[in-house]
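All ligand and atom numbering here is 1-based and tracks the order in the structure. Below, each value reflects all heavy atoms present in this structure, side chains not excepted, and no hydrogens, waters or symmetry copies. Every value quoted in this text rests on a predicted model; they were computed, and no experiment measured them.
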Amino acid sequence: MSTTKQTILDFTKKDLEALVKPSFRAKQVYGWIYNSYVNSFDEMKNIPKAMREELEEKYTLNPLKILHKEESTDGTIKYLFEMTDGKTMETVWLKMKDAQYDEEGKILHESKHTVCVSTQVGCKVGCSFCLTAKGGFTRDLTAGEIVAQVLAVKKDNDHASNRRVNIVYMGMGEPLDNLENLTQAIKIFKEEDGLAISGKRQTVSTSGLSSKIDKLGESDLGVHIAISLHAVDDELRTELIPMNKANNIQSIIDAVKRFPIDTRKRVMFEYLVIKEKNDDLGSAKKLVKLLSGIKAKVNLIFFNPYPGTDYKRPSREDMVAFQEYLINHGLLCTIRDYKGIDISAACGQLKETKENEKKDLV
Ligand code: SAH
Ligand code: SF4
């Protein structure tokens, strides 16, 4: 039987203060979980035994089990996690920069990492190019399950608590469709006595639920947003992202303009490039026009094909030509050089591969 115990990772420090008395115990418990990385309540030595036992009885410390791990040559590690109800989801550990050493081999800068987390099992949005969408929607992740992903991959990589990571909410699911748990997870990550990952280091990627972009902005958590734009006209965007009908391009642009952004920062627009769909310079021209007046940067993503899709990966030449057009017209633009290209790279692809293997076995 799977356990139905709630995870203690669901709580901000304030929530915990209401549960463990006197309230300074919350700080101690937080320290054990997020700084000492303990695996059992019993290891929390300065917590009275009776309290440890009570916590043990009510909560689990780790709601995730590593089911599968795929490591790429560039240091990217893709995890498939199983939750307490047996459902699975993915998390990716991305190495953004290698460590740097001086001539004597002494470390100058440590390597830099980003964790790509999931927010739902499946997704309701149903984008036509996305493998996660194919399995439909199963359920929202709890705040604790979102938090646990970062904690688990940091632990698995011996990454000390005080070493910084960035978080991108770009795994499976639509984060703004699970706004309450997302908000709670962002707050827990920010806790000074916990992982202390500031809002600036967290980026929420959305397919563009305009009213929820406003809501996230109102909560004033200081996070960045990334908009999965992918198309410059509503017709193609609706083909790619069906809910564009209710949240059209203009409504998203308007919501972005209202979003509180650090004046030194830019809003990221993700543009998934699909061969012969949106890889032409006419689209690039429209994109420049659309983003004029916004402090934007564009991230071009190669469509990553999978069996059964009709969409195709664009050529590198077309991608570079698209990028050059944007840069020459004053936009900042990068090409996502696909991390983990030799593993099941895009969102949902590891889960899908593993589930098909399982089906093949029966
Ligand atoms: N639901 C959110 C965040 C998760 S999807 C969103 O859509 O923004 C994260 C990113 O993966 C999105 O930018 C999406 O466009 C991209 N993605 C999905 N399927 C892909 C594929 N087959 N190839 C490349 N990128 C893909
Ligand atoms: Fe959901 Fe994002 Fe996939 Fe679209 S791309 S189906 S919003 S996870």
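- Between Glu53 and Lys49 there is a salt bridge, with a side-chain nitrogen of the basic residue lying less than 4.0 Å from a carboxylate oxygen of the acidic one.
- Between the side chain of Gln202 and the main chain of Ile197, a donor-acceptor pair closer than 3.5 Å is present.
- With a 4.0 Å heavy-atom cut-off, ligand 1 is reached by the backbone of Phe302 but not by any atom from C-beta on.
- Placement of Leu326 and Val320 within a single hydrophobic cluster is found when ILVMFWY residues are connected by side-chain heavy-atom separations under 4.5 Å, directly or transitively.
- One finds no salt bridge joining Glu57 and Lys5 here, because no Lys/Arg side-chain nitrogen approaches an Asp/Glu carboxylate oxygen to under 4.0 Å.
- Counting heavy atoms under 4.0 Å from ligand 1, residue Glu174 touches it through both backbone and side chain.
- The distance from atom 4 (Fe) of ligand 2 to the nearest N/O/S atom of Cys130 is not under 2.8 Å.
- Those atoms of ligand 2 that come under 4.0 Å of a heavy atom in Ala133, given as number and element, are 6 (S).
- Under the 4.0 angstrom criterion for non-hydrogen atoms, Gly173 is in contact with ligand 1.
- For the residue pair Asn178/Glu174, the side-chain donor-acceptor check at 3.5 Å is not satisfied.
- Contacts of Thr132 with ligand 1, taken as heavy-atom pairs under 4.0 Å, are absent altogether.
- Heavy-atom separations between Ala226 and ligand 1 are all 4.0 Å or longer.
- Each of the atoms 7 (S) of ligand 2 lies under 4.0 Å from some heavy atom of Val125.
- For Gln250 and Asp254, the side-chain atoms include at least one donor-acceptor pair closer than 3.5 Å.
- Using a 4.0 Å cut-off between heavy atoms, Met172 makes no contact with ligand 1 at all.
- Residue-to-ligand polar distances place Ser205 within reach of ligand 1: an N/O pair is separated by less than 3.5 Å.
- Residue-ligand proximity, Cys123 to ligand 2, at heavy-atom distances under 4.0 Å covers atoms 1 (Fe), 6 (S), 7 (S), 8 (S).
- Counting heavy atoms closer than 4.0 Å to ligand 1, residue Asn304 contributes atoms from both its backbone and its side chain.
- Within the 3.5 Å criterion, the main-chain N or O of Leu94 finds no donor-acceptor partner in the side chain of His113.
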